[in-house]
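Since the structure comes first, as C-alpha cells, the remarks are kept for the end.
For ligands, and for the atoms within them, numbers begin at 1 and follow the listed sequence.
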Amino acid sequence: MNIIKTQNLSKSYRHKDGVVDAIKNISLSVEKGSFVTITGPSGSGKTTLLLTLAGLIRATSGTFSFLEKELTHVPDSELAHFRRKNVGFIMQSFALIPYLTTIQNVMLPLSLNNVSKSKQKSTAEAALDNVDLGNRKNHYPRELSAGQQQRVAIARALVNSPSVIFADEPTGNLDPALSVEILNFLKDINEKKNITVVMVTHNPVAAGYGNVKIHLENGQINSIVNKK
Ligand SMILES: Nc1ncnc2c1ncn2[C@@H]1O[C@H](COP(=O)(O)OP(=O)(O)OP(=O)(O)O)[C@@H](O)[C@H]1O
Ligand SMILES: [Mg+2]
C-alpha cells in the first residue's frame with residue numbers, strides 16, 4: 001500500500017532577491033513500512049522535500065496524497081489535523097522546549113490532540129521507558145546528554161503512534177556510537193511497529209539503513225534505489 005504519493009511536486013521560495021526553485025517535479029510513491037533515505041548535496045532540496053511530505057509546508061505546484069487522501073489543497077486546519085494524527089518529526093537540533101521537563105516535552109503532542117492529562121502522563125511515561133529514559137522524566141533538556149536529548153525527541157515523535165516518522169539529519173549532532181544507537185532504534189520501530197521512516201542524511205552509514213534510497217541533485221530526483 002502507498003502511504004505517500006506525489007506527482008510533479010515543486011516548491012519555489014519567493015524571496016526579495018528572487019525566486020528559488022528548491023524542488024522540481026518530484027514524483028514518487030512510498031510504500032507503507034519503507035525506510036526511505038534522502039541524500040544529496042547541501043541546498044539540493046532535501047529539507048524542503050521532507051517538510052512538504054510531512055505537510056509542514058505547501059508545495060507551489062503538483063499533488064501530494066497521504067494514504068490515498070489528496071492533501072494538496074485542503075485547508076490549513078485539515079493539514080494540521082493530518083500532522084497531529086499521522087506524523088512524527090525529528091530534527092538535527094532536537095527542538096526540545098528548554099523550559100519544559102522531559103515528560104512535559106513528550107506530553108506536548110498529546111495535549112494538542114485533546115488527550116486527558118492522566119492519559120498524557122501515562123502514555124508519555126511509557127514512551128520514555130521505551131527509550132530508556134524513564135528515570136529522567138523530571139530533568140530539563142539542558143540536564144541531559146546529546147544522545148539522551150535525541151531520545152527524548154524520538155519519544156515525543158512516537159508518542160502519538162504516528163504512521164510516519166520524518167527525520168532531518170537526526171544524527172547530525174551526535175558522535176558515531178550514539179548515531180548508531182539512534183539509527184538502530186529507528187530501524188527497530190520501522191521493522192517491529194511497521195512505522196514508515198523518511199530520513200534525510202549526509203552520513204553514508206545512515207543512508208545504508210534505507211531500503212529505498214532517494215538521491216537529490218539540484219531539486220530533482222537523481223536516482224531512486226530500491227533494496228529488496
Ligand atoms: N525559507 C526559504 N526561503 C528562501 N529560500 C529557501 C528557504 N528555505 C530553503 N531555501 C533554498 O532552497 C534550496 C533548498 O534548500 P533545502 O534547505 O531544502 O536544502 P537541503 O538539501 O536540505 O540543504 P542542507 O543539506 O544544507 O540542509 C536552497 O537553495 C535554499 O537556499
Ligand atoms: Mg537541510
Side-chain angles (χ1 to χ4, degrees), residues 3-30 34-66 71-73 76 79-80 82-83 87-96 146-147 149-150 152-154 156-157 162 164-176 178-180 182-183 185-186 190 196-225:
I3 186 156
I4 300 168
K5 195 171 163 74
T6 74
Q7 214 122 39
N8 292 320
L9 204 66
S10 300
K11 169 73 186 176
S12 304
Y13 294 105
R14 284 180 186 286
H15 191 271
K16 61 177 173 20
D17 294 339
V19 174
V20 179
D21 298 317
I23 54 170
K24 298 170 223 167
N25 293 315
I26 304 269
S27 298
L28 55 85
S29 44
V30 173
S34 315
F35 194 129
V36 181
T37 58
I38 303 174
T39 54
S42 179
S44 59
K46 303 180 299 295
T47 296
T48 303
L49 178 60
L50 198 73
L51 294 175
T52 313
L53 296 180
L56 282 158
I57 59 175
R58 298 231 186 214
T60 312
S61 61
T63 61
F64 156 57
S65 62
F66 190 86
L71 291 177
T72 320
H73 301 296
D76 285 352
L79 202 59
F82 147 76
R83 287 197 306 267
V87 170
F89 211 86
I90 304 169
M91 338 253 235
Q92 176 173 6
S93 56
F94 320 141
L96 298 176
Q149 289 181 42
Q150 192 57 309
V152 176
I154 288 177
R156 186 179 58 183
V164 187
I165 293 273
F166 292 96
D168 197 352
E169 300 270 6
T171 60
N173 279 334
L174 304 177
D175 70 30
L178 278 176
S179 298
V180 166
I182 296 293
L183 289 166
F185 190 81
L186 287 174
N190 171 250
T196 308
V197 177
V198 183
M199 176 176 76
V200 166
T201 183
H202 275 295
N203 174 348
V205 175
Y209 280 70
N211 52 31
V212 179
K213 301 181 188 185
I214 299 175
H215 189 73
L216 294 183
E217 293 274 355
N218 223 335
Q220 290 178 301
I221 294 181
N222 179 267
S223 65
I224 298 188
V225 178

Of all the heavy-atom pairs spanning L178 and L174, show the shortest one and how long it is.
CB-CB, 4.0 Å

Closest non-hydrogen atom pair, A157 against P162
O-CG, 3.3 Å

So which atom in S27 and which in N8 form the shortest heavy-atom distance, rounded to 0.1 Å?
OG-N, 2.9 Å

Show the nearest heavy-atom pair for residues I154 and F185, with the distance to one decimal.
CG2-CE2, 3.3 Å

Closest approach of T6 and L53, non-hydrogen atoms and distance?
CG2-CD2, 3.5 Å

Under 2.8 Å from the Mg ion (ligand 2), how many protein N/O/S atoms can be counted?
1

Starting from the N and O atoms of ligand 1, collect every protein N/O partner closer than 3.5 Å and put each pair on its own line with the distance to 0.1 Å.
{"from": "ligand 1", "atom 1": "18 (O)", "to": "T48", "atom 2": "N", "distance (Å)": "3.0"}
{"from": "ligand 1", "atom 1": "18 (O)", "to": "T48", "atom 2": "OG1", "distance (Å)": "2.6"}
{"from": "ligand 1", "atom 1": "19 (O)", "to": "G45", "atom 2": "N", "distance (Å)": "3.4"}
{"from": "ligand 1", "atom 1": "21 (O)", "to": "S44", "atom 2": "N", "distance (Å)": "3.2"}
{"from": "ligand 1", "atom 1": "21 (O)", "to": "G45", "atom 2": "N", "distance (Å)": "3.0"}
{"from": "ligand 1", "atom 1": "21 (O)", "to": "K46", "atom 2": "N", "distance (Å)": "2.9"}
{"from": "ligand 1", "atom 1": "21 (O)", "to": "K46", "atom 2": "NZ", "distance (Å)": "2.8"}
{"from": "ligand 1", "atom 1": "22 (O)", "to": "T47", "atom 2": "N", "distance (Å)": "3.0"}
{"from": "ligand 1", "atom 1": "22 (O)", "to": "T47", "atom 2": "OG1", "distance (Å)": "2.9"}
{"from": "ligand 1", "atom 1": "23 (O)", "to": "G43", "atom 2": "N", "distance (Å)": "2.8"}
{"from": "ligand 1", "atom 1": "25 (O)", "to": "K46", "atom 2": "NZ", "distance (Å)": "2.6"}
{"from": "ligand 1", "atom 1": "25 (O)", "to": "H202", "atom 2": "NE2", "distance (Å)": "3.1"}
{"from": "ligand 1", "atom 1": "26 (O)", "to": "S42", "atom 2": "OG", "distance (Å)": "2.6"}

Atom pair CG (D168) and CD1 (I90), whose distance is rounded to the nearest 0.5 Å
10.5 Å

Roughly how far, to the nearest 0.5 Å, is CD1 of I23 from OG1 of T60?
8.0 Å

Measure the NZ-CG distance between K24 and L216 for me, rounded to the nearest 0.5 Å.
11.0 Å

Can you confirm whether T39 sits close enough to T201 that some side-chain heavy atom of one is under 4.5 Å from a side-chain heavy atom of the other?
yes

